[in-house]
Engineer: 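First the structure, then my questions, so here it is.
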Amino acid sequence: MHPEAPERRSDSSRKSASTAPFLLITGPDRPGQTSYTLTAQRHVIGRRPDAQIVLDHVGVSRSHAALELAPSGRWWILDLESTNGTFVNGARVAERLLNPGDVVQIAEWSLTLRLPSLPEFPSPLSTAYGLPGWREPRSDRTRITQSMPATHVGQLISADHLASVMSLGRTLMRLERAESRLAALCEFAVGSLSPALGAAAIRIFDSKEVTTLCGPFNRASRTQGMRIDPEVVEQVLEQRDSVVVFPSGTEPGSTSLIGPDATVVSVPLASLERSMDALYAEFPKRSATAEWTTLLTLAAETYQQAELVWQMRQQVRQNALLEAELQMACQIQERLVPTNFSASGLDLAIGFQPCRWVGGDYADVIPLPDGRLLLGIADVCGKGLQAALVASSIHTLVRASCELARDLPSLMGRLNDYLLDYLPDHSFVTMQCVAVNCASGAIEFVSAGHPAAIVIRESGALDVLHQADNVGLGIIKTDFISQKSQLDGGDVLLMYTDGLTEMVNNQGEPFGAERLASEFCRIVSLSPGASVDSMRRRLNDLCETYRGARAAADDRTFLVATRRTSTKTLMPPPLNERAAWNPARR
């Protein structure tokens, strides 16, 4: 891992002030855990020195996996055709949506996704006093017990107690409000089957400040106060485990709910970024036994499990709404791309493949008032929902402006003026428009910082419709100029976005404009007279083969058009000339 990228912190301290999701990474070269904050939309994991997360081990491929952020705010893990595979929670995956707490296993490394906004729920059962995992209290803490009192007759946990814990679990699963679930846990602690005389749910901050989340509850009255013992607070923060504190007297600061004979049992409930939630219960000294501490710990674990379920329920609901909205947005965007278009004298097909969910590319075919056909393609800087919204607005504005603009330069000028006013900062749009006279084959084109279109002549020659005079849209106010060319019968036109040329293979090599032109020439020459739909499929297959298992990093959009060699079918002339136009006279 790059030394400057992560910040070192332990799983227990949570000292980072970042609110971004992060990974907890453990591996053979890390005695503890390293945290890596996910601040970008894509993080490559591998052995390559330039990877965002470097895992230097022979079992890790150079480009092993990648983490990608979806528009919904969820993280995906993508295996980049690694040799030894990527595993999530023990199962090998090629592509997987991650939930908080999921563990990604790569060779000997474990990467756990964490969200600072969600609490972490430790399992307190293994750290209960007297059970495996209990850490011996510090000898200088005179109020921390060194041995538990012997169990009194009649105090052993019975089947009724275990049944009450199960009943608590069912109750917690029915209570939708978090406050109600905390109250149910506190009421259980002071219930008829427990000897505890007071209980509250508290939040302890790293500064040792304490606030009460729920309670206090006690047998006599719910309104009676409870003063939290500062020694307990200190021990909970230090150990992050269940603690049992016996009274050492009646000195100031040790006053409890039930007097100097009280024994406090505190069990961790959840760890947040800079605080910790705990159950704080007071027992009579004679009842502070391992059995009752274990029972309280079981109840706390039941609460934690219920909270995890409620978190997942909420996440599923939110994700379902987001995924439904994204699916609808994707369907709307796909419907904006012409699929079954026919024009007299011109065959046309469009390939449209967002890199994920929704995309920022635009492609359209629009009849112009002067009888020509407008072929438009654009690429919005950026990805996701913002780029998709801009692309949709371009679709609407182009169609509205076609009736008003005098020519292609004025059309591009109207688009530029609109985008200058409404585009987000640091964003822009590249675009190319080609107006085709399907009868004569004359074409006029304007490129605003967009990759040059190519024409494969019927003879096999290659022409590039290059234009470097115009900048992208939404950058500066400028006047656009157009150029002219010719599309004869049998010629094939290809317009595309840089999602094709900047696509990389498993070795990280970009496809490039020269390779695209060469390969498309080969597609056209190997099947003379093939349909544009066949060309579209072959170009798509070529892109998929070249990209291999590597995740798509950009939208991929292109437009293929060819003029029919037959001249029997002609495009009608402009509207103002149609009165004198008669196909029979031609």
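Below, each value reflects all heavy atoms present in this structure, side chains not excepted, and no hydrogens, waters or symmetry copies. Quantities reported herein were computed from a predicted structural model and do not represent experimental measurements.
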Engineer: With heavy-atom distances below 4.5 Å as the criterion, would you say the side chains of Val434 and Val436 are in contact?
Structural biologist: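 Yes, their side chains come closer than 4.5 Å.
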Engineer: Nearest 0.5 Å, please: how far is OG in Ser63 from CG in Asp79?
Structural biologist: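 Answer rounded to 0.5 Å: 11.0 Å.
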Engineer: Rounded to the nearest 0.5 Å, how far apart are CG of Leu559 and CG of Leu493?
Structural biologist: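 Leu559 atom CG to Leu493 atom CG measures 7.0 Å (nearest 0.5 Å).
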Engineer: Quick check for you: to the nearest 0.5 Å, what is the distance between Thr562 atom OG1 and Leu487 atom CG?
Structural biologist: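 Here the rounded value is 6.5 Å.
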Engineer: Using the side-chain contact (heavy atoms from CB on, under 4.5 Å) rule, take Gln483 and Glu444 through it: C-alpha gap first, then chi angles, then the decisive distance, then the call.
Structural biologist: CA-CA 6 Å; Gln483 294 180 210; Glu444 179 187 11; over 6 Å; no
Engineer: Which pairs with one or both residues in residues 495-509 pass salt bridge (charged side-chain N to carboxylate O under 4.0 Å, His left out), sequence neighbours excluded?
Structural biologist: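 Output for this query is empty, none listed.
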Engineer: Mind running side chain to side chain donor-acceptor pair (under 3.5 Å) on Ser527 and Arg538 for me, showing each step along the way?
Structural biologist: CA-CA 11 Å; Ser527 302; Arg538 293 188 180 190; 2.6 Å; yes
Engineer: Quick one: does Gln52's side chain have a donor or acceptor within less than 3.5 Å of a partner on Ala40's backbone?
Structural biologist: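 Checking the backbone N and O of Ala40 against the side chain of Gln52, no donor-acceptor pair under 3.5 Å is found.
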Engineer: Using modelled atom types only, decide if a donor and an acceptor are shared between the side chain of Asp364 and the backbone of Gly376 within a distance under 3.5 Å.
Structural biologist: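 No: the side chain of Asp364 does not pair with the backbone of Gly376.
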Engineer: Walk me through it: do Asp533 and Arg537 pass the test salt bridge (Lys or Arg N to Asp or Glu O under 4.0 Å)?
Structural biologist: CA-CA 6 Å; Asp533 195 57; Arg537 289 196 303 270; 2.6 Å; yes
Engineer: So do the side chains of Asp361 and Phe352 get within less than 4.5 Å of each other, counting heavy atoms only?
Structural biologist: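 Yes; the side chains approach each other to less than 4.5 Å.
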Engineer: For the atom pair CD (Glu95) and CG (Leu80), what is the distance rounded to the nearest 0.5 Å?
Structural biologist: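 Nearest 0.5 Å value for the CD-CG distance: 11.0 Å.
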Engineer: Mark yes or no for whether Ser525, through its side chain, and Cys521, through its backbone, hold a donor-acceptor pair below 3.5 Å.
Structural biologist: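 A pair under 3.5 Å: yes.
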Engineer: Would you confirm whether Tyr496, through its side chain, and Thr501, through its main-chain N or O, come within 3.5 Å as a donor-acceptor pair?
Structural biologist: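 No, because the side chain of Tyr496 does not come within donor-acceptor range (under 3.5 Å) of the backbone of Thr501.
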Engineer: Under a 3.5 Å cutoff, is there a donor and acceptor pairing between the side chains of Thr497 and Asp379?
Structural biologist: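 The answer is no; no qualifying pair exists.
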Engineer: If you apply the rule side-chain contact (heavy atoms from CB on, under 4.5 Å), what do you find for Ser482 with Phe445, and how did you get there?
Structural biologist: CA-CA 6 Å; Ser482 65; Phe445 64 94; over 6 Å; no
Engineer: If you take all heavy atoms of Cys543 and Arg556, which pair is closest and at what distance?
Structural biologist: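 Minimum heavy-atom separation between Cys543 and Arg556: CB-NH1, 3.6 Å.
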Engineer: Is any side-chain heavy atom of Leu423 closer than 4.5 Å to one of Val390?
Structural biologist: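 Touching, per the 4.5 Å side-chain cut-off.
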Engineer: For the side chain of Gln467 and the backbone of Ile481, is there at least one donor-acceptor N/O pair under 3.5 Å apart?
Structural biologist: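 Yes, because the side chain of Gln467 sits within donor-acceptor range (under 3.5 Å) of the backbone of Ile481.
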Engineer: List the steps, then state whether side-chain contact (heavy atoms from CB on, under 4.5 Å) holds for Leu373 with Ile366.
Structural biologist: CA-CA 6 Å; Leu373 202 63; Ile366 309 169; over 6 Å; no
Engineer: Give the intermediate values and the outcome of side-chain contact (heavy atoms from CB on, under 4.5 Å) for residues Ile454 and Leu465.
Structural biologist: CA-CA 6 Å; Ile454 60 176; Leu465 304 184; over 6 Å; no
Engineer: For Leu397, is there any backbone N or O sitting under 3.5 Å from a side-chain donor or acceptor partner on Ser401?
Structural biologist: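 Indeed, once roles are kept as given, a pair shorter than 3.5 Å links the two residues.
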Engineer: So do Val504 and Arg547 actually touch side chain to side chain, heavy atoms under 4.5 Å?
Structural biologist: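 When only atoms from C-beta onward are counted, Val504 and Arg547 do not touch, as no gap falls below 4.5 Å.
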Engineer: Is the CZ atom of Phe428 crowded by more than 12 outside heavy atoms at less than 6.0 Å?
Structural biologist: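 Counting neighbours around CZ of Phe428, 12 or fewer heavy atoms of other residues, nucleotides or ligands fall under 6.0 Å, so no.
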Engineer: Any chance you could measure Ile377, atom CD1, to Cys433, atom SG, to the nearest 0.5 Å?
Structural biologist: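 The SG atom of Cys433 is 10.0 Å from CD1 of Ile377, to the nearest 0.5 Å.
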Engineer: Just by modelled atom types, is the Gly460 backbone N or O under 3.5 Å from a matching donor or acceptor in the Glu458 side chain?
Structural biologist: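 The answer is no, because no donor-acceptor pair under 3.5 Å joins these two groups.
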Engineer: Between Ile443 and Asn437, is there a side-chain heavy-atom distance shorter than 4.5 Å?
Structural biologist: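 No, every pair of side-chain atoms sits at 4.5 Å or beyond.
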Engineer: For the residue pair Val88 and Val103, establish whether any side-chain heavy-atom pair is separated by less than 4.5 Å.
Structural biologist: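 A side-chain contact is absent here, since even the closest heavy-atom pair is not under 4.5 Å.
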Engineer: For a quick check under 3.5 Å, do Arg96 and Thr86 share a side-chain donor-acceptor pair by atom type?
Structural biologist: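 The criterion, which ignores hydrogens and geometry beyond distance, is not satisfied for Thr86 and Arg96.
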Engineer: For Gly59 and Asn84, work out which heavy atoms get closest and say how close.
Structural biologist: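 In this case the closest contact between Gly59 and Asn84 is O-ND2, 2.8 Å.
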Engineer: Testing the basics here: between Ala448 and Phe480, what is the closest heavy-atom pair and its distance to 0.1 Å?
Structural biologist: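 Closest approach of Ala448 to Phe480: CB-CE2, 3.9 Å.
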Engineer: Given side chains that start at C-beta, do those of Thr34 and Leu24 come closer than 4.5 Å, heavy atoms only?
Structural biologist: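 A side-chain contact under 4.5 Å is absent here.
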Engineer: Minimum heavy-atom separation for Gly449 and Thr430, please, with both atom names.
Structural biologist: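 Residues Gly449 and Thr430, closest heavy atoms: O-CG2, 3.4 Å.
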Engineer: If I take atom CZ from residue Arg563 and atom CG from residue Asp347, how far apart are they, to the nearest 0.5 angstrom?
Structural biologist: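 It comes to 11.5 Å.
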Engineer: Side-chain contact, heavy-atom cut-off 4.5 Å: Ile350 with Phe558?
Structural biologist: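 Answer no - side chains too far apart.
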Engineer: Hey, does the side chain of Thr396 reach the backbone of Ser392 with a donor-acceptor pair shorter than 3.5 angstrom?
Structural biologist: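 Present.
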Engineer: Taking the basic N atoms (NZ, or NE/NH1/NH2) and the acidic carboxylate oxygens, is any pair closer than 4.0 Å for Arg414 and Asp417?
Structural biologist: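 Salt bridge: no.
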Engineer: Taking CG in Asp479 as the centre, count heavy atoms belonging to other residues, nucleotides or ligands within less than 6.0 Å. Is the count above 12?
Structural biologist: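 No, the 6.0 Å shell around CG holds no more than 12 heavy atoms from other groups.
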Engineer: Using atom types as modelled and distance alone, determine if a side-chain donor or acceptor of Asn416 lies under 3.5 Å from a backbone N or O of Ile476.
Structural biologist: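 Yes; judged by distance alone, with no hydrogens or angles, the pair exists.
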Engineer: For the residue pair Tyr546 and Phe511, categorise the inter-ring angle as parallel (less than 30°), tilted (30 to 60°) or perpendicular (more than 60°).
Structural biologist: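 If you compare the ring of Tyr546 with that of Phe511, the planes turn out perpendicular.
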Engineer: Are His64 and Trp109 an aromatic pair, judged by ring center distance below 6.0 Å?
Structural biologist: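 Judged by ring-centre distance (under 6.0 Å), Trp109 and His64 do not meet the cut-off.
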Engineer: Is the shortest side-chain N to carboxylate O distance from Asp491 to Arg457 below 4.0 Å?
Structural biologist: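 Yes.
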Engineer: Quick one: closest heavy-atom pair of Met495 and Ala453, and the distance?
Structural biologist: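 What the structure gives for the nearest pair is CG-CB, 3.9 Å.
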Engineer: Restricting to non-hydrogen atoms, name the atom on His57 and the atom on Ala107 that form the minimum distance, rounded to 0.1 Å.
Structural biologist: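 Reported closest heavy-atom pair: ND1-CB, 4.3 Å.
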